[in-house]
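Notes for the one structure printed next.
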Amino acid sequence: MRKRQVVVRREEPSRCSTTSAQTITTVRYAECQKNHAASVGGYAVDGCREFMASGEEGTNGALTCAACGCHRNFHKREVETEVGYEHVAISSNGT
């Protein structure tokens with residue numbers, strides 16, 4: 001079984017007329033926060049430090065952590081957004 005780190009990237013174009021902006025959002029899933037002792041009124045986490053998909057993208061295994069067996073939603077979601085700007089020259093002669 002191969003472990004994979006999941007990083008989701010999304011690019012969104014800007015609608016600004018004088019500059020062109022590109023937003024890149026990177027989502028990373030960090031340590032597991034599932035409380036394994038909730039049923040007995042306690043608090044205990046398993047110590048899993050990073051989500052590693054147990055299957056290929058598009059399968060149910062892609063949402064299950066290979067290290068701890070928990071669903072991806074139990075892992076801390078970290079979002080990083082980068083914005084890059086590119087100035088666009090607009091000619092005044094109509095061309």
Side-chain angles (χ1 to χ4, degrees):
M1 178 182 347
R2 214 174 2 156
K3 297 179 182 179
R4 296 175 182 241
Q5 180 179 3
V6 175
V7 176
V8 180
R9 296 191 81 149
R10 183 176 65 211
E11 297 180 13
E12 299 174 1
S14 174
R15 298 190 189 338
C16 186
S17 61
T18 58
T19 61
S20 174
Q22 187 175 26
T23 303
I24 300 173
T25 303
T26 303
V27 179
R28 180 178 164 271
Y29 293 90
E31 67 271 2
C32 184
Q33 298 177 331
K34 182 176 181 181
N35 182 2
H36 294 277
S39 63
V40 293
Y43 181 76
V45 293
D46 59 12
C48 179
R49 302 292 296 154
E50 188 172 11
F51 178 80
M52 301 296 274
S54 62
E56 297 293 323
E57 186 67 32
T59 65
N60 287 339
L63 300 175
T64 304
C65 182
C68 66
C70 294
H71 190 274
R72 184 176 73 183
N73 288 346
F74 285 108
H75 289 259
K76 182 178 179 182
R77 186 172 190 245
E78 297 175 344
V79 179
E80 181 180 307
T81 304
E82 299 174 24
V83 179
Y85 290 98
E86 180 179 310
H87 293 283
V88 178
I90 300 175
S91 63
S92 61
N93 62 6
T95 59

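Along the sequence shown, residues are numbered consecutively beginning with 1. Every value quoted in this text rests on a predicted model; they were computed, and no experiment measured them.
Listed by chain and number, the residues in a side-chain contact (heavy atoms from CB on, under 4.5 Å) with A37 are N35, V40, A44 (sequence neighbours excluded). Applying the side-chain contact (heavy atoms from CB on, under 4.5 Å) rule to A30 yields the partners R28, K76, E78; only residues at least two apart in sequence or on another chain are considered. In this structure R49 satisfies the side-chain contact (heavy atoms from CB on, under 4.5 Å) test together with E31, sequence neighbours excluded.
T64 places no side-chain N or O within donor-acceptor distance of the main-chain N or O of S54, the cut-off being under 3.5 Å.
Of all heavy-atom pairs between R77 and V27, the closest is NE-CG1, 3.4 Å. Pairing each heavy atom of C70 with each of K34, the nearest pair is SG-CD, 3.5 Å. Taking all atoms of both residues into account, the shortest heavy-atom contact from C32 to D46 is CB-OD1, 3.8 Å.
When hydrophobic clusters are built by joining Ile, Leu, Val, Met, Phe, Trp and Tyr residues whose side-chain heavy atoms come closer than 4.5 Å, directly or via intermediates, Y43 is not grouped with F74.
Y29 and H75 have their aromatic ring centers separated by at least 6.0 angstrom.
Of the inter-residue distances, the one linking H71 atom NE2 with L63 atom CG reads 4.5 Å to the nearest 0.5 angstrom.
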